[in-house]
Amino acid sequence: MDRAGRSGTKLVAQLVRKGATLLAEPCPQCGGVQIRYLGKVYCSGHQDLSPLLVVEGLSLDNVVAEVRQALLLKLNQDARLLEGEDDLSKQGQLVSLMADCFDLLQKLPGGRQRP
Ligand SMILES: [Zn+2]
């Protein structure tokens, strides 16, 4: 009967280890196991709990660092593409793409280059 909740069982166990509480009452919507985590009630049956595990241990700094790295990689790739690109309209696309990347880099907290 609780087919929906099965996939969440492992996640529930992991969350419980991280301090989540199993609730006695099953989910009123699907009968799945409910947990309370960080002050909120979640259902392992019909809600995806995996973001809860991901979010923990993430900080803005980590995310910013990752975004910055991704943008830099992208810029590097685009720069190489641009070098070898003869098509003017594609050059334009690449340049505006790179401009967007630069823009985003500037907007990241701490992303501004010090003069
Ligand atoms: Zn549910």
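Counting starts at 1 for both ligands and their atoms, following the listed order. Note that these values count all heavy atoms, side chains included, but never hydrogens, waters or copies made by symmetry.
Here 4 is the count of protein N, O or S atoms positioned under 2.8 Å from the Zn ion (ligand 1), waters not counted.
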*Please report the C-alpha distance between Ser50 and Leu11 in whole Å, then the side-chain angles of each, then the deciding distance to 0.1 Å, and finally whether the side chain to side chain contact (heavy atoms under 4.5 Å, CB included) criterion is met.*
CA-CA 7 Å; Ser50 47; Leu11 281 172; 4.0 Å; yes
*Take Gln29 and Cys43, measure what side chain to side chain contact (heavy atoms under 4.5 Å, CB included) needs, and give me the verdict at the end.*
CA-CA 9 Å; Gln29 280 180 55; Cys43 168; over 6 Å; no
*In sequence, state the C-alpha distance, the side-chain angles, and the governing distance for Arg36 and Tyr42, and then conclude on side chain to side chain contact (heavy atoms under 4.5 Å, CB included).*
CA-CA 6 Å; Arg36 187 189 300 277; Tyr42 300 94; over 6 Å; no
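A donor-acceptor contact shorter than 3.5 Å is absent between the side chain of Gln14 and the backbone of Leu53. For Ser44 (side chain) and Val12 (main-chain N/O), no donor-acceptor pair under 3.5 Å exists by modelled atom type.
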Going by atom type alone, with no hydrogens or angles, which donor-acceptor pairs under 3.5 Å involve a side-chain atom of residues 90-103 and a protein atom two or more places apart or on another chain?
| unit_1 | atom_1 | unit_2 | atom_2 | d |
| --- | --- | --- | --- | --- |
| Gln91 | NE2 | Glu85 | O | 2.6 |
| Ser96 | OG | Gln93 | O | 3.2 |
| Asp103 | OD2 | Lys107 | NZ | 3.1 |

